[in-house]
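Below is one structure; the comments refer to it alone.
We use all heavy atoms of the structure for the numbers below, so side chains are in, but hydrogens, waters and symmetry mates are not. Small disclaimer: the values here were computed from a predicted structure and weren't measured.
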Amino acid sequence: MSNGVLVQAQMLIDDEQYDKAYDMLQNAYDKLKEDAEYLEKIALLAKTIGKEEDAAKYWEELVAVNPNSLVGYSELLDIYINKNNYKYYLTRAKYKILNEKVTQSIDDYKKAISSTQEEDEIINARFLLAKAYEHTGKIQNAIDEYYRILESKDDMAIYYKLADLYAEHGDRFSAINVLEKGVKAFPEINELSEYLCALYIKESQYDNALKYARNDYSKIKAYLMKGDNDSALTILKGLDDLSNANYHALYAEYWFNKKDFDKCSEYIDKFNELSPQNPLVYQMKALVCDEKNDSYGYHYNMGKCYSYKQEYELALAEYLNAHRYDPSKSEAIKEVIKINEASGDKTSLMEFYEKLIRQEPDNPAALEGLGDVYADMYEFKDALGYYEKLAKTNTNNYEVYYKLGMCYEKLKNTASAKEAYEKYLAKAPLSPDSEKLKEKISKMSPSASFEPNNSEEGLIDKILKIFGK
């Protein structure tokens, strides 16, 4: 629909029938008013035929539909410059933000605020100013602007935003203070009360947490943290919420408090089934291990916790601690390898690949990993030993024959390189690099055939033909 109308309108414009084109576009407004291309077209046409008020209306609608429209903001600047200072400065600020000049937008937002007496306009500009301050890292300035908004109008979202800013920067006292004001202003908003409850739990003020808790899970958590296990269990028994991961997590915490670590582990596993890769699962496992004086298990599980939080330096430290407590276990070694592979720490990689091979001599990842590290270091003779063992122990890994061929080639052992490359082609005949590899083999031995299915009998037939001439 939109393409047809726009094409017809453009044909009329090309024929300089601007009024007819404009009428056609206006008639399509109800159906196309959410279409950015349509709005830009009709706004430009309105400007062309001198309908400035219509043009302004369509440009405003365009930036509402497409907030990233540079042309929309640019045109509005020309319209507002001598007519509406508030809209001019607000638009100029947004234009600068689109051009990644957020710092420069701050002064324009301030000018917009001083250019109007309308409360709604002031609040809108203050909110955008606060966001700009946040973006530029001026958090206290942002906080000040949010408080100025509250002086004019209670807004649940602003209380929430202020609490977020305080909490993110470690000032829980101020976050709690602003949330208490928010709850007083909006007692019916459960989200504010629950947020306040969560902060009180973090501050170990469990009675205050219970005062503001609005749902059963928050109450159970506060009771468990307080040590009132019986009250927590009473609410838990009334839930019967088996499909909720949090239900099992709280039961695990209950049994942890009761020192029944087998039951606790059972519920941790149920929690893990419903919420896999949740850092809390491994934090809970770590605490159980700590209670059982299992130092390896504690550090290993804390490593997993940090890994799932993507805090890899902390994870690496925990895995290394686990390895020190029990060097005979391979799980921590494998996790150290994963992190070092991602970071590219080849020295540590070699150390832990070798440790893993001592425990699991045929481990394919370790054999290939060590081979790759030595190959990257141009130590092709050392790389060969690991690749050859990998080829014997993991016959499904056809890539290893390519790597073997490369190493033999670097070591000037053409016959062995050719043999390895041919094995690679035999196992991966459809490989994208097969044609280039065949060409390479032919240069190694021009008379050799590199078709993987040539038989011995076929070669003898060729020889007899030569001597038969």
ask   = So, Tyr88 versus Asn82: side-chain donor-acceptor pair below 3.5 Å or not?
value = no

query = Are Lys270 and Tyr267 in a cation-pi setup, meaning NZ or CZ lies under 6.0 angstrom from the ring centre and within 45 degrees of the ring axis?
reply = yes

key: Pair Ser152-Glu119, side-chain donor/acceptor within less than 3.5 Å   = no

query = What pairs with Arg172 under salt bridge (charged side-chain N to carboxylate O under 4.0 Å, His left out), at least two apart in sequence or on another chain?
reply = Glu203

task = State whether a side-chain donor-acceptor pair under 3.5 Å links Asp372 with Tyr387.
result = yes

inquiry  = Is it the case that the side chains of Tyr95 and Gln104 hold a donor-acceptor pair, with the cut-off being a distance below 3.5 Å and no angle test?
reply    = no

query = Does any donor atom in the side chain of Gln283 or Tyr308 lie under 3.5 Å from an acceptor atom in the other side chain?
reply = no

message = Are Tyr300 and His323, when compared by the centres of their aromatic rings, separated by less than 6.0 Å?
response = no

ask   = Do the side chains of Leu425 and Ile441 get nearer than 4.5 Å, heavy atoms only?
value = yes

key: Residue from Tyr401, Tyr402, Tyr398 passing ring-ring contact (aromatic ring centres under 6.0 Å, His included) with Tyr421   = Tyr402

Any side-chain donor near an acceptor of the partner, Tyr159 and Asp154, under 3.5 Å = yes

task = Measure the acute angle between the ring planes of Tyr386 and Tyr374, then classify it against the limits of 30° and 60° as parallel, tilted or perpendicular.
result = parallel

inquiry  = Contact between Tyr254 and Ile220 at the side-chain level, heavy atoms closer than 4.5 Å - yes or no?
reply    = no

ask   = For the residue pair Tyr306 and Tyr312, is the inter-centroid distance of their aromatic rings smaller than 6.0 Å?
value = no

key: Pair Tyr18 + Tyr22: ring centers closer than 6.0 Å   = no

key: Distance-only polar pair, side chains of Ser115 and Tyr89, donor-acceptor under 3.5 Å   = no

inquiry  = Hydrogens and angles aside, do Tyr29 and Glu61 bring a side-chain donor and acceptor to less than 3.5 Å of each other?
reply    = yes

